[in-house]
Amino acid sequence: EYLLEYPYNCFEQRSSKIIPQILFENTGTISSINNEISLMARFQNDDGGIPFWPEAGYRSSYYVSLRVAHLLYLLKEDGIELENKPNMDKLLFFLNKPDKWSENSNYLMAFRYYLMALYNKNISGARALLSKGDELGHSSYAMLGLAFSAAGDELRSDICLERIKKFIQPGTRTISL
């Protein structure tokens, strides 16, 4: 119930409210999901991206656009068709043209490659990202491993998993990352 009443209005938080409704049964309605996605579609910018705030005039947010593309993929996989949703071709085009700030974020680029793999798009640039080594960190390795796995490259996916294991330090009752 808390998620359904989530008090924040930015599209990042709105997508956070929807994802559990898709992944866990009986937590939301198609109507509430459709309302949120329709709002995102209404504010999709001409460049294909989704802004952080649902008011006109805000530039597209690369991170929010990644989240919305992931959300739309989850809906498609669940067989949920919506009346009005963002234009996927425009959204994927936007995600393939990251700005310099986004391009410098290992996590955002790993997330991008994961989504591109889910949408059966080319992820050849993911190999260059993997070559950065441990500067990626465990979150980027995890997202990159998912990308390689979704693309059928189990060898590189396993490399990411092995690198993640190097970050884990077991304690008596805990683990540290």
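Source: prediction; values computed, not measured. Every heavy atom of this structure was used, including side-chain atoms; hydrogens, water molecules and symmetry mates were not.
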request  = Run the numbers on Leu108 and Glu103 for side-chain contact (heavy atoms from CB on, under 4.5 Å), then give the verdict.
outcome  = CA-CA 7 Å; Leu108 292 179; Glu103 208 168 53; over 6 Å; no
Quick check: are there more than 12 heavy atoms from other residues, nucleotides or ligands sitting under 6.0 Å from [atom1] of [X]?
{"X": "Glu135", "atom1": "CD", "answer": "yes"}
{"X": "Asn104", "atom1": "CG", "answer": "yes"}
{"X": "Lys97", "atom1": "NZ", "answer": "no"}

message = For a 4.5 angstrom cut-off between non-hydrogen side-chain atoms, does Leu155 reach Phe148?
response =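 When only atoms from C-beta onward are counted, Phe148 and Leu155 do not touch, as no gap falls below 4.5 Å.
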Show the nearest heavy-atom pair for residues [X] and [Y], with the distance to one decimal.
{"X": "Asp46", "Y": "Lys90", "answer": "O-CE, 3.6 Å"}
{"X": "Leu92", "Y": "Tyr119", "answer": "CD2-CD1, 4.0 Å"}
{"X": "Ala147", "Y": "Ala117", "answer": "O-CB, 3.4 Å"}
{"X": "Pro98", "Y": "Met109", "answer": "CB-CE, 3.7 Å"}
{"X": "Phe167", "Y": "Gly137", "answer": "CZ-CA, 3.9 Å"}
{"X": "Ala110", "Y": "Ser140", "answer": "CB-O, 3.6 Å"}

Quick check against the 3.5 Å criterion: does [X] have a side-chain atom that pairs as donor or acceptor with the backbone of [Y]?
{"X": "Arg163", "Y": "Gly133", "answer": "no"}
{"X": "Ser16", "Y": "Glu12", "answer": "yes"}
{"X": "Ser131", "Y": "Ala128", "answer": "yes"}
{"X": "Glu36", "Y": "Arg14", "answer": "no"}
{"X": "Tyr58", "Y": "Phe43", "answer": "no"}
{"X": "Asn45", "Y": "Asp47", "answer": "no"}
{"X": "Ser149", "Y": "Gly145", "answer": "no"}

Enter the distance from [X]:[atom1] to [Y]:[atom2] here, rounded to the nearest 0.5 Å.
{"X": "Leu66", "Y": "Leu71", "atom1": "CG", "atom2": "CG", "answer": "12.5 Å"}
{"X": "Leu136", "Y": "Asn106", "atom1": "CG", "atom2": "CG", "answer": "5.0 Å"}
{"X": "Arg42", "Y": "Asn84", "atom1": "CZ", "atom2": "CG", "answer": "9.5 Å"}
{"X": "Leu95", "Y": "Ile50", "atom1": "CG", "atom2": "CD1", "answer": "9.0 Å"}
{"X": "Leu74", "Y": "Ile19", "atom1": "CG", "atom2": "CD1", "answer": "6.0 Å"}
{"X": "Tyr141", "Y": "Leu146", "atom1": "OH", "atom2": "CG", "answer": "14.5 Å"}

ask   = Stepwise, does the side-chain contact (heavy atoms from CB on, under 4.5 Å) test hold for Arg67 with Phe111?
value = CA-CA 9 Å; Arg67 292 197 47 128; Phe111 194 179; 4.3 Å; yes
Side-chain heavy atoms nearer than 4.5 Å, only ILVMFWY residues, links allowed to pass through others: does that put [X] and [Y] together?
{"X": "Met88", "Y": "Phe93", "result": "no"}
{"X": "Ile80", "Y": "Val68", "result": "yes"}
{"X": "Tyr114", "Y": "Leu161", "result": "no"}

key: Candidates Leu129, Ile123, Ile159, Ile164 - the one meeting side-chain contact (heavy atoms from CB on, under 4.5 Å) with Leu144   = Leu129
query = What is the ring orientation for Phe94 with Tyr62, classed by angle as parallel under 30°, tilted 30 to 60°, or perpendicular over 60°?
reply =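 Tilted, since the angle between the ring planes falls between 30° and 60°.
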query = Is there a side-chain contact (heavy atoms from CB on, under 4.5 Å) between Met40 and Val64 once you walk through the steps?
reply = CA-CA 10 Å; Met40 292 173 188; Val64 170; over 6 Å; no
ask   = Stepwise, does the side-chain contact (heavy atoms from CB on, under 4.5 Å) test hold for Leu82 with Ser38?
value = CA-CA 8 Å; Leu82 302 174; Ser38 292; over 6 Å; no
